[in-house]
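Worksheet: the structure to be examined is printed underneath.
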Amino acid sequence: MTKKLWGGRFKKEIDKDFFEFQKSIQYDYKLAQYDIGHSLIHAAALRVAGILKNSEWKKLSLALKEISNEIKKGKFNPDFNSEDIHTDIQNAIEKKVGALALKLHALRSRNDQIAFDERFYCVRKYLDIVPALLNLMKSLLFLGENNRKQKFIGYTHTQRAQVIYFADYLLVFCDMFTRDTERLKRYNENLFIYIGAGALTGSALSIKNYNEAIKESGLIGKDGKIKLARGPLDNVSDRDFIIEFLSILSIIQMHLSRLAEDLILYSTTEFNFIDLPEEFCTGSSLMPHKQNPDFLELVRGNTGKIYGNLVSLLTTMKGLPLSYNRDMQLDKEPLFSSVETIESELKIMAKFIKRIKLNKDVIEKALKDESLYATELAEFLVVKKSVPFKEAHTLIGRLIRDSQDKNKKIKEMSDEELKCYHQELNQKVIRKIMNPEYAVSSKKTVSRKIPKIDARI
Ligand code: ARG
């Protein structure tokens with residue numbers, strides 16, 4: 001157990017088991033860099049207020065920047081015997097500047113620090129996740145572009161429905177991820193990093209002190225992201241900004257999971273439309289022939305964890321009396337877990353998608369299924385021959401059923417046979433309508449415009 005940030009009023013040492021139970025350093029060390037940000041601004045505010053001498057502030061800032069560089073280089077080793085990251089950094093500064101470090105925590109609280117650090121973390125992770133989403137979209141466009149003219153089977157109820165372009169199928173996921181990106185952008189626009197809440201009632205340091213400190217910190221305060229806490233009570237009380245982030249990540253996860261599920265399905269021997277990149281699959285220890293889609297299964301499986309993280313924090317926060325409560329320490333593991341999972345899924349999925357190969361001969365064979373063109377046949381009779389839709393629907397339904405019952409392809413039926421269903425039906429019409437090219441080109445409302453990926457964040 002290292003030095004603590006509290007203890008004066010206690011007569012007894014903290015119970016060892018309880019200390020282990022309540023500490024958070026084992027996960028909140030990930031906030032180290034953001035905590036340094038808080039300390040840099042706070043130290044400057046103390047200097048502006050005259051609480052720190054200029055020379056003292058310089059020493060403290062230098063020590064903080066040194067620690068920050070150590071973190072960047074991966075050379076900062078958190079002491080896992082500390083209570084939390086705030087304590088750990090405080091102790092690290094003390095090692096560098098001695099007793100002067102004890103002046104840094106004046107007029108601030110960990111309640112303010114943790115709210116600041118977590119908001120900073122969310123802003124930072126937004127900056128990582130948006131490019132990762134864009135990268136995945138680029139991979140989807142790459143695969144679509146390489147199979148520009150390829151037709152594919154569109155499903156409803158997992159039953160063959162109508163013919164689509166494979167590229168249009170992929171664009172659906174691009175559209176989903178575009179909306180996710182927009183959601184994240186809107187989230188980030190409303191997300192600010194507040195400082196100066198004290199424990200709950202605000203700080204004795206003035207607004208002017210803090211504003212000057214924020215300005216000169218040169219952190220992302222430049223673009224107005226770091227602000228003085230408007231409502232200190234609210235600032236230390238709520239974690240809605242994490243819940244909102246976890247909600248958006250849950251939607252991204254839902255989209256990734258559906259993509260994974262489709263790819264698993266289409267790569268089965270039963271479908272066999274696509275070959276998955278072997279480097280992302282594993283084998284069976286017993287069955288020599290197996291190539292299992294483990295990456296996709298893990299993506300799909302992670303949905304339980306990611307939704308769980310959202311529900312976990314919603315439940316933790318429900319019914320908490322204002323303002324800060326220690327329950328809120330438990331927000332970090334769900335947050336880090338969802339962010340890290342989504343980051344690695346997006347990264348690997350972008351590589352994975354690019355390497356998918358289509359089994360074009362299998363797809364072509366499936367496209368020969370005549371029932372895929374039943375709707376186009378009915379619509380042809382309606383649009384070109386003014387047949388009432390209900391009548392067209394019924395007679396084409398009968399034609400399909402008879403063809404299946406008699407095991408005779410519609411394309412093999414004679415003009416006489418076809419005429420029994422409708423006088424406008426004949427071999428020529430059947431050959432014109434029942435082909436993939438006609439099916440996709442008969443649809444006039446599909447925009448084939450490839451979305452421009454806006455890389456700006
Ligand atoms: N580890 C704490 C958390 O994450 C930091 C704030 C602690 N504040 C306190 N008064 N004990 O919530």
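Both counts, for ligands and for their atoms, begin at 1 and track the order of listing.
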Checking side-chain polar atoms at under 3.5 Å, does S39 have a donor or acceptor matched by the opposite partner on R108? yes

Would you find a donor on one side and an acceptor on the other, under 3.5 Å apart, between the side chain of E343 and the backbone of D128? no

Under 4.0 Å from any heavy atom of H86, which atoms of ligand 1 are there? 5 (C)

for atom 10 (N) of ligand 1, nearest protein heavy atom and its distance come out as N111 OD1, 3.1 Å

Within the structure, does R239 bring an N/O atom to less than 3.5 angstrom of an N/O atom in ligand 1? no

Nearest non-hydrogen protein atom, atom 12 (O) of ligand 1: Y324 OH, 2.4 Å

Looking only at atom types and distance, does a side-chain atom of H42 sit under 3.5 Å from a main-chain N or O of A106, one as donor and one as acceptor? yes

Below 3.5 Å, N or O to N or O, backbone or side chain included: is there any such pair between R326 and ligand 1? no

Return the set of residues passing side-chain hydrogen bond (donor to acceptor under 3.5 Å, both in side chains) with D262 (not counting sequence neighbours), or none when no residue passes. Y169

Distance filter under 4.0 Å to S24 heavy atoms, resulting ligand 1 atoms: 1 (N)

Candidate with minimal heavy-atom separation from atom 11 (N) of ligand 1, of M328, Q113, R110: R110

Shortest protein contact, atom 1 (N) of ligand 1 (heavy atom only): Q329 OE1, 2.8 Å

Before signing off on this row, confirm whether K332 and ligand 1 have an N or O atom pair separated by under 3.5 Å. yes

Would a distance-only check, ignoring hydrogens and angles, find a side-chain to backbone donor-acceptor pair under 3.5 Å from D84 to T87? yes

Identify, with sequence neighbours excluded, every residue that meets salt bridge (Lys or Arg N to Asp or Glu O under 4.0 Å) alongside K227. none

F173 side chain reached by M137 side chain, heavy atoms, under 4.5 Å: no

